[in-house]
Every structure is written in C-alpha cells, then in structure tokens.
Amino acid sequence: ATIVDAENRSRQTLFLGLLVSAGLLVTLAAAMMFSTDARSSRSRYRSLFEGSNDAVFVIDVDGNYVEANLAACDLVGYSRDELIKMTNADLRDEDTSPPIHEVRTAWTHGGTLELGLRHRNGTVVPVELAVSPITIDGARKWVLGIARDLTERNETLGALRESLTR
C-alpha cells in the first residue's frame, strides 16, 4: 500500500511491515537483489568447485592452502580443515617433483607440472598439476591448482613398456 504524506508530499510504502520512502524502497530492493545474486553466485561457484572430478586447491602466495574441494581432500587423505592448516611444502614430494624453481615459475606464470603429492598414509600420488596465478587489482593473491591423479595412467604405461620389452 502506498501512502502520500500530505504535509511533506512524499510517497511512502508499506514494506515488510515498515513505512518507508520510495527512495529507501528502491535501495532496499537493490540490496536484496544484489544479496540474492551474490548468494546465487556463491552457490554456483561452490557447486562447480565441489562438483569437479579433479582435485582443486587454492594456495596463497606464501604457499598456504586456503581452499580445497572434496576431490583434493580424497586425493591426499586429509580433511579440508586439516589441509587449510598446511602448506604446499607439507604435501609436495621432493623426490618425485621438479626442482622448486620450476614450481615457482609455474606459480608465477601458470603452467602444467607433473609432481608427487604425499598422501596422509605415506604413499606418493603422482599428479599432473595445472597451475594458474590469480591476480586481483594487479597483485597476485592466490594460485589455483587443479590436480589429476596419474596413478592409473602410469601403471598402464608401465605395463605397456613391460610388454614391449618381452
């Protein structure tokens, strides 16, 4: 219901049980629409992030894990809460990974690496890691890493090589 205040000649509307001016109503409606869009956007992001079959890690510039999806947690055997208390050095297996300068180059410029990640149970999981730096306002804030388990591929290649050498 719209009410016209005869004294001030301003229009007021009953909104959620409150009497508000038309200007405030527009502001409230815009805020609600933005809030709904932001929630919807966060929900879509979370669905894409969690729905990925590949492990997705977000790491800050100091090498700390700040986010990981369920596939990432499964890949390394740690919960999300445990992972976000760890650094990339905690998981990267130095014996099966490229030299650290190659890793840093990929972090800075993007690229793909093959390396080993240490699982909670002590085994090393070979992965292909696609790395993309995330820059906000001109400053590199995070690194997005998408890892694919290469265990099955490597076993198949090993069996193929063995069969060819017989």
Side-chain angles (χ1 to χ4, degrees), residues 27-166:
T27 302
L28 287 171
M32 287 177 65
M33 186 170 59
F34 175 76
S35 176
T36 300
D37 284 350
R39 273 193 305 268
S40 176
S41 180
R42 282 191 301 271
S43 177
R44 282 191 305 271
Y45 157 79
R46 180 57 59 193
S47 294
L48 289 169
F49 186 76
E50 290 301 338
S52 175
N53 290 328
D54 291 328
V56 181
F57 300 94
V58 179
I59 305 166
D60 68 16
V61 293
D62 296 320
N64 302 302
Y65 290 100
V66 295
E67 188 63 82
N69 69 355
L70 185 58
C73 296
D74 290 344
L75 181 70
V76 294
Y78 292 96
S79 71
R80 183 189 169 283
D81 290 338
E82 291 171 315
L83 267 175
I84 62 173
K85 295 175 186 167
M86 300 172 79
T87 70
N88 67 320
D90 295 325
L91 294 183
R92 191 173 69 83
D93 180 63
E94 292 193 28
D95 294 334
T96 58
S97 297
I100 193 66
H101 72 275
E102 288 181 28
V103 175
R104 287 192 181 131
T105 298
W107 276 40
T108 304
H109 302 289
T112 303
L113 306 162
E114 284 193 22
L115 54 88
L117 294 178
R118 282 189 296 273
H119 190 277
R120 171 185 222 122
N121 66 14
T123 61
V124 175
V125 181
V127 298
E128 178 182 66
L129 182 66
V131 182
S132 300
I134 300 172
T135 303
I136 298 175
D137 296 329
R140 188 167 53 97
K141 299 289 185 183
W142 300 290
V143 176
L144 175 69
I146 300 175
R148 180 164 290 166
D149 188 345
L150 297 178
T151 303
E152 190 175 310
R153 182 197 79 170
N154 290 352
E155 289 171 356
T156 301
L157 285 174
L160 180 62
R161 282 188 197 109
E162 188 178 314
S163 70
L164 291 174
T165 59
R166 288 187 212 169

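- The line from CG of Asn53 to CD1 of Ile146 is 12.0 Å long, rounded to the nearest 0.5 Å.
- Remark: the backbone N or O of Ala55 is not paired with any side-chain donor or acceptor of Asn69 at under 3.5 angstrom.
- Between Leu150 and Val127 the shortest heavy-atom distance is CD1-C, 3.6 Å.
- The CD atom of Glu162 sits 13.0 Å away from atom CG of Leu157, with the distance rounded to the nearest 0.5 Å.
- The backbone N or O of Arg104 lies less than 3.5 Å from a partner atom in the side chain of Thr108, making a donor-acceptor pair.
- Considering only heavy atoms from C-beta on, Leu70 comes within 4.5 Å of Glu50 through its side chain.
- Enclosure of atom CD in Glu94 is not indicated, since only 12 or fewer non-hydrogen atoms of other residues, nucleotides or ligands lie within 6.0 angstrom.
- With contacts defined as side-chain heavy-atom distances shorter than 4.5 Å, the pair Leu164/Leu160 qualifies.
- How far CH2 of Trp142 is from CG of Asn64: 13.5 Å, rounded to the nearest 0.5 Å.
- Using a 3.5 Å distance cut-off with no hydrogens or angles, the side chains of Ser79 and Asp81 do not pair a donor with an acceptor.
- Contact record, Ile100 with Arg92: CD1-NH2, 3.2 Å, taken as the closest heavy-atom pair.
- Closest approach of Ala106 and Val131 over heavy atoms only: O-CG1, 3.6 Å.
- Here the straight-line distance linking atom CG of Leu83 with atom CD1 of Ile59 works out to 9.5 Å at 0.5 Å rounding.
- Side-chain atoms of Leu91 and Met86, non-hydrogen and from C-beta on, do get closer than 4.5 Å to each other.
- In summary, Glu128 and Arg153 do not engage in a salt bridge, as defined by a charged side-chain N under 4.0 Å from a carboxylate O.
- For Asn121, the CG atom is densely surrounded, since the number of other residues' heavy atoms within 6.0 Å is greater than 12.
- Rounded to the nearest 0.5 angstrom, Ser97 OG and Leu113 CG are separated by 8.5 Å.
- Of all heavy-atom pairs between Arg118 and Asp90, the closest is NH2-O, 3.1 Å.
- Applying the ring pair (Phe, Tyr, Trp, His ring centres under 6.0 Å) rule to pairs touching residues 57-102 yields Phe57-Tyr65, sequence neighbours excluded.
- Shown here is Arg148, whose CZ atom has no more than 12 heavy atoms of other residues, nucleotides or ligands within 6.0 Å.
- Between Asp54 and Ala71, the shortest heavy-atom distance links the atoms O-CB, 3.5 Å.
- Once rounded to the nearest 0.5 Å, the distance linking CG of Leu115 with CG of Asp93 reads 9.0 Å.
- Side chains of Val66 and Ile84 form no contact here, defined as non-hydrogen atoms less than 4.5 Å apart.
- Contact detail for Val143 and Trp107: the closest heavy-atom pair is CG2-CE3, 3.7 Å.
- With Ser132 contributing its side chain and Leu144 its backbone, the two residues share no donor-acceptor pair below 3.5 Å.
- Leu129 has its side chain out of reach of Thr112: every pair of non-hydrogen atoms, C-beta onward, lies at least 4.5 Å apart.
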